[in-house]
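What you see below is based on every heavy atom in this structure, not just the backbone, and it leaves out hydrogens, waters and symmetry mates. As the structure is a computational prediction, the values presented were derived from the model and not from experiment.
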Amino acid sequence: MKQFVLVATMACAIVSGEAMAACSGNSLSVAQLNTLLTGNTVCSPSSAPFNWQELHQAGGALIDYKRGPGHAVDPSETVGSWAVAGNNAGNNAKVTHNYGSGGSYTYTVYGSGVVNTPHSFCGSGPEIVTRIKSGGGAC
């Protein structure tokens, strides 16, 4: 079942015109990953069953944008923290998202390291192809 969902997700991303960054090749370095994520928003794939947008604030706060800070029903909120770790000499950095009682998830990130392009977050589960948006706000 998991393979079918992953194949269907990948097919939807291709149909929607999103380029795929695969979980192979060169992963990002510590410096690249910090530059890519700090102050920017990771946007869920358009093919996801729900949309999420997480702002990676400097200092490590992870903010779920939802419908925005001023929205009366579904405002932005801090949902956890994020941190990058790895050896500065190579492209083996990992980002960990810690959601407290919701769990902690560690990913190797593949892609160009440039905002507004696809990046693959690869961990113990299926590949998550995202787009990194410059700054905060809605995707």
Of all heavy-atom pairs between Val129 and Pro118, which one has the smallest distance, and what is that distance?
CG1-CB, 4.2 Å
List the steps, then state whether side chain to side chain contact (heavy atoms under 4.5 Å, CB included) holds for Asn40 with Ser134.
CA-CA 5 Å; Asn40 293 326; Ser134 181; 4.0 Å; yes
Any donor-acceptor N/O pair, His119 side chain to Gly113 backbone, under 3.5 Å
yes
Contacts of type side chain to side chain donor-acceptor pair (under 3.5 Å), residue Thr106, not counting sequence neighbours
Thr96
Would you compute the distance between atom OH of Tyr105 and atom CD1 of Ile128 and round it to the nearest 0.5 angstrom?
10.0 Å
Residue list, side-chain contact (heavy atoms from CB on, under 4.5 Å) with Ser29, at least two apart or on another chain:
Ala31, Gln32, Asn91
Please list, one pair per line, the donor and acceptor atoms closer than 3.5 Å that link side chains of residues 62-69 to other protein atoms, with sequence neighbours excluded.
from	atom 1	to	atom 2	distance (Å)
Asp64	OD1	Lys66	N	3.3
Lys66	NZ	Glu77	OE2	2.4

What's the spacing between Glu54 CD and Cys139 SG if we round to 0.5 Å?
10.0 Å
Heavy-atom pair of closest approach, residues Leu33 and Ala93
CD2-CB, 4.0 Å
If you measure from CZ on Phe121 to NE2 on His97, what distance do you get to the nearest 0.5 Å?
5.5 Å
Qualifying residues under side chain to side chain donor-acceptor pair (under 3.5 Å), relative to Thr117, sequence neighbours excluded
Ser112
Thr108: what forms a side chain to side chain donor-acceptor pair (under 3.5 Å) with it, not counting sequence neighbours?
Lys94
Single-linkage hydrophobic cluster Val84~Tyr107, side-chain heavy atoms < 4.5 angstrom:
yes
Any chain of hydrophobic side-chain contacts (each under 4.5 Å) joining Leu37 to Val114?
no
Pairs touching residues 130-139 that satisfy salt bridge (Lys or Arg N to Asp or Glu O under 4.0 Å), sequence neighbours left out
none
Indicate the atoms forming the closest heavy-atom contact of Trp52 with Thr130, along with that distance.
CH2-CG2, 4.0 Å
Determine, stepwise, if the pair Thr38 / Trp82 fulfils side chain to side chain contact (heavy atoms under 4.5 Å, CB included).
CA-CA 10 Å; Thr38 303; Trp82 68 281; 3.4 Å; yes
Mind checking what makes side chain to side chain donor-acceptor pair (under 3.5 Å) contact with Asn34, not counting sequence neighbours?
none
Do Val109 and Val30 belong to the same hydrophobic cluster, where Ile, Leu, Val, Met, Phe, Trp and Tyr are linked whenever their side-chain heavy atoms lie under 4.5 Å apart, directly or via other members?
yes
Write down the atom of Gly137, the atom of Gln53, and the distance for their closest heavy-atom approach.
O-OE1, 4.3 Å
